[in-house]
Amino acid sequence: MGVRLREYRKARCWSQNIACKHLIAVADRQGLRIHSWGTLLGLLGEWERGVRVVSSTYQQLWAEVYGTTPGMLGIAGAWSRNHPVVTRADIERGAPTPQVVSSPKDPLIGGLSGAERIELEGVAA
């Protein structure tokens, strides 16, 4: 799935570190709070290998980084557990943040870890 994401990165002769720097810069310009540097590096590897589905927010961020669309990057698709976007402006004005089951920490954009997915899937509705 994310093979084209890797191809776009390699066509620019970027390491995963450089690609993540560009992603962080785009998110900063948009005022989005995203995962930490180390987490992003791990996620990028998983996205490029197709191990993890890219959330819709990250799909849009990567599309802007590479000046294309999520479809052209090979990362477009449905995302069933997309976390809501929380901007710095939301945080600064003290807007209530959505309660996210996957993490007791700050609301971040992205997917659930394997353990969190298992925990949620085991809960009866």
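Not measured: the values here are computed from a predicted model. In this chain, numbering begins with 1 at the start of the sequence shown.
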Which atom of [X] lies closest to which atom of [Y], heavy atoms considered:
{"X": "G74", "Y": "R4", "result": "CA-NH2, 3.7 Å"}
{"X": "C20", "Y": "L44", "result": "SG-CD2, 3.9 Å"}
{"X": "A76", "Y": "Q59", "result": "CA-OE1, 3.6 Å"}

Distance (rounded to the nearest 0.5 Å) between [X] [atom1] and [Y] [atom2]:
{"X": "E48", "Y": "E7", "atom1": "CD", "atom2": "CD", "result": "10.0 Å"}
{"X": "W37", "Y": "L40", "atom1": "CH2", "atom2": "CG", "result": "8.5 Å"}
{"X": "T69", "Y": "I75", "atom1": "OG1", "atom2": "CD1", "result": "9.0 Å"}
{"X": "I34", "Y": "T39", "atom1": "CD1", "atom2": "OG1", "result": "10.5 Å"}
{"X": "D28", "Y": "L23", "atom1": "CG", "atom2": "CG", "result": "9.5 Å"}

Quiz item: For residues 11-25, which residue pairs qualify under salt bridge (charged side-chain N to carboxylate O under 4.0 Å, His left out), counting only residues two or more places apart or in two chains?
Solution: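 Residue pairs with at least one partner in residues 11-25: there are none.
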Exercise. Measure up the W47 and Y58 rings against each other and bin them: parallel (under 30°), tilted (30 to 60°), perpendicular (over 60°).
Key: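 Aromatic pair W47/Y58 classed tilted.
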Quiz item: side chain to side chain contact (heavy atoms under 4.5 Å, CB included) between L61 and V65: does it pass, once the steps are laid out?
Solution: CA-CA 6 Å; L61 289 172; V65 165; 5.5 Å; no
Quiz prompt | Sequence-distant partners of W14, ring-ring contact (aromatic ring centres under 6.0 Å, His included), two or more places apart | solution =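 H22, Y66.
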Quiz item: Does E64 have any side-chain contact (heavy atoms from CB on, under 4.5 Å) partners at least two apart in sequence or in another chain, and if so, which?
Solution: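 Once residues adjacent in sequence are excluded, the partners of E64 under the side-chain contact (heavy atoms from CB on, under 4.5 Å) criterion are V26, R29, Q30.
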